[in-house]
Amino acid sequence: MSTAPPLLQIEGLRTVFATNAGELAAVDGVDLTVRRGQTLGIVGESGCGKSMLSLSVMGLVPSPGRIAGGRIVFDGEELTSASPDRLRALRGKRIAMVFQEPMTSLNPAYTVGFQIVEAMRAHESGTPHAELKARAIAALERVRITAPAQRFDAYPHQLSGGMRQRVMIAMALACSPDLLIADEPTTALDVTVQAQVLDLLRDIQRDTGMAIVLITHDLGVVAGMADEVAVMYAGRVAERAPVADIFNDPQHPYTLGLLGSMPRIEEERSRLLVIEGTLPPPGRVPAGCRFHPRCVFGTHECTLQDPPLLAFGPGHGAACIHAPVERFMAQQEPEEAA
């Protein structure tokens with residue numbers, strides 16, 4: 001493993017929102033590391049804090065939210081204390097983001113070329129328009145949009161969903177960022193277009209060496225893209241490990257549940273496994289382990305403490321007092337037999 005300092009280091013991050021019931025934490029004590037050239041996959045159900053984590057890194061937490069604690073260090077620079085001007089200078093230039101839905105992220109009143117040029121002009125105000133336009137067309141070509149010079153003058157509604165997503169990627173990559181945050185980049189795309197978008201991200205990463213934070217609920221996407229995976233639940237990281245360990249040796253019951261809900265071609269099952277219950281809202285997080293009300297392995301001890309990530313393998317940690325689960329299951333078998 002590289003000994004170089006990480007490109008992005010998140011320590012104890014806590015993002016809260018002011019409500020009539022008090023401050024509610026959408027992200028509550030997250031620790032993550034991303035190295036140059038690495039892809040970190042962040043997975044979990046909707047509402048577990050994935051997108052709010054990415055907005056915290058970008059300095060785009062919507063009002064009345066705020067970062068209430070922790071650190072976000074990008075290439076040695078602390079971002080939680082950075083000024084708005086400094087964050088604007090980094091955003092789009094060194095840290096870029098592809099948002100979930102390109103139709104709502106692109107302005108329907110302007111051509112896609114105009115919007116790409118404006119993204120570059122925000123960081124290169126002295127560059128001639130002709131040069132920016134040429135680079136924008138090159139960016140469209142880079143993301144494999146056919147006839148990029150003609151598409152430069154197209155409006156978002158004139159493009160398909162896959163084409164709009166490519167435009168968003170072109171805009172994000174126009175200034176050659178060191179870190180790309182892709183928030184559900186394949187949502188609402190058919191499987192063929194999804195595969196094309198993921199192949200595109202892989203190729204660009206290989207050519208540029210940028211790091212990627214890939215946020216998704218699709219473990220299949222993670223399997224093909226990520227080097228490491230963080231599984232989030234109720235605002236915290238439930239398990240973090242190299243991608244092979246997540247699929248071959250999962251240790252948190254929530255991770256096991258997510259994997260069990262995936263269809264597998266090699267298995268014949270009449271129905272998929274289901275994680276019973278629902279994700280708790282921020283104001284109603286249960287005492288102890290946040291997952292215990294839905295956990296098939298839950299015991300009384302799980303209600304007494306909210307465990308941190310417990311390390312039990314190289315780069316592998318799980319926030320479960322019963323990990324490793326194989327040993328816990330072996331201990332339970334005699335009791336069940338009795």
Side-chain angles (χ1 to χ4, degrees), residues 6-19 23-34 39-75 77-107 115 119 122-123 165 168-169 171-173 175 177-188 201 210-218 230-237 279 281-283 285:
L7 177 65
L8 177 69
Q9 180 122 23
I10 300 172
E11 300 175 353
L13 181 64
R14 191 166 189 269
T15 302
V16 303
F17 285 81
T19 70
E23 287 191 335
L24 304 181
V27 178
D28 195 6
V30 167
D31 298 313
L32 288 174
T33 298
V34 184
T39 297
L40 172 68
I42 301 179
V43 300
E45 295 169 278
S46 296
C48 68
K50 306 185 303 294
S51 294
M52 197 52 58
L53 173 65
S54 67
L55 293 175
S56 299
V57 173
M58 295 292 290
L60 294 174
V61 177
S63 179
R66 67 184 181 89
I67 295 176
R71 304 173 68 226
I72 302 173
V73 181
F74 175 74
D75 199 15
E77 181 176 357
E78 170 61 70
L79 300 187
T80 56
S81 58
S83 67
D85 287 343
R86 179 56 184 158
L87 290 175
R88 277 192 293 270
L90 290 172
R91 233 178 0 243
K93 178 66 175 176
R94 298 199 61 200
I95 309 174
M97 185 167 178
V98 178
F99 294 90
Q100 287 190 29
E101 178 46 62
M103 195 60 197
T104 58
S105 300
L106 293 168
N107 191 323
Q115 294 180 66
H123 301 283
Q165 193 64 283
M168 289 297 299
I169 294 172
M171 187 183 303
L173 300 178
C175 292
D178 298 299
L179 173 66
L180 175 68
I181 300 175
D183 189 359
E184 302 279 8
T186 57
T187 296
L201 289 175
M210 71 178 178
I212 297 177
V213 173
L214 178 65
I215 297 171
T216 182
H217 62 275
D218 189 336
V231 180
M232 287 192 67
Y233 185 80
R236 289 194 178 177
V237 175
L279 191 77
V285 176

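Predicted model, so just to flag it, every value in this text is computed and none were measured. Residues: numbered from 1 along the sequence shown. All heavy atoms count here, side chains included; hydrogens, waters and symmetry mates do not.
- Within the 3.5 Å criterion, the main-chain N or O of Asp28 finds a donor-acceptor partner in the side chain of Arg236.
- Evaluation of the side chain to side chain donor-acceptor pair (under 3.5 Å) rule for Arg86 yields Glu77 as partners, not counting sequence neighbours.
- Between Gln115 and Asn107 the shortest side-chain heavy-atom distance falls below 4.5 Å.
- Partners of Leu60 under the side-chain contact (heavy atoms from CB on, under 4.5 Å) rule, at least two apart in sequence or in another chain, are Leu55, Met58, Arg91, Phe99.
- Leu53 pairs in a side-chain contact (heavy atoms from CB on, under 4.5 Å) with only one of the listed residues (Val237, Val213, Thr15, Leu32), which is Leu32.
- Between Met210 atom CE and Leu173 atom CG the span is 5.0 Å, to the nearest 0.5 Å.
- In this structure His217 satisfies the side chain to side chain donor-acceptor pair (under 3.5 Å) test together with Glu184, sequence neighbours excluded.
- Annotation: side-chain contact (heavy atoms from CB on, under 4.5 Å) contacts of Glu23 (sequence neighbours excluded): Val16, Arg66.
- Residues satisfying the side-chain contact (heavy atoms from CB on, under 4.5 Å) test with Asp218, not counting sequence neighbours, are Gln194, Thr216, Val221.
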**OP:** Kindly indicate, with the supporting measurements, whether the criterion side chain to side chain contact (heavy atoms under 4.5 Å, CB included) is fulfilled by Arg71 and Gln9.
**Re:** CA-CA 8 Å; Arg71 304 173 68 226; Gln9 180 122 23; 5.9 Å; no
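- To the nearest 0.5 Å, atoms CD1 (Ile72) and CD1 (Ile67) are separated by 4.0 Å.
- To the nearest 0.5 Å, atoms CG (Asp75) and CG (Leu179) are separated by 10.5 Å.
- Considering CE of Met171 and CE of Met97, their distance stands at 14.0 Å, rounded to 0.5 Å.
- Here the shortest heavy-atom pairing between Pro62 and Met52 reads CD-SD, 4.1 Å.
- Side-chain atoms of Asp31 come within 3.5 Å of backbone N or O of Gly12 as a donor-acceptor pair.
- Nearest heavy-atom pair across Ser54 and Ile215 is CB-CD1, 3.4 Å.
- Residues forming a side-chain contact (heavy atoms from CB on, under 4.5 Å) with Pro282 (at least two apart in sequence, or on another chain): Leu24.
- Sorted by first then second residue, the salt bridge (Lys or Arg N to Asp or Glu O under 4.0 Å) pairs that include residues 43-54, not counting sequence neighbours, are Glu45-Arg294.
- Every residue was checked against the side chain to side chain donor-acceptor pair (under 3.5 Å) condition with Ser105, not counting sequence neighbours, and none meets it.
- Contact record, Pro177 with Ile95: CB-N, 4.3 Å, taken as the closest heavy-atom pair.
- In plain terms, the two heavy atoms of Ala96 and Ala172 that are nearest each other are CB-O, 3.1 Å.
- Residues Gly49 and Val27 share a closest heavy-atom pair of O-CG2, 3.9 Å.
- Separation of atoms CG (Leu279) and OG (Ser46) is listed at 9.0 Å; rounding is to 0.5 Å.
- For Asp178, the side chain to side chain donor-acceptor pair (under 3.5 Å) partners two or more places apart in sequence, or in a different chain, are Arg94.
- Closest of all the heavy-atom pairs between Leu214 and Pro185 is CD1-CG, 3.6 Å.
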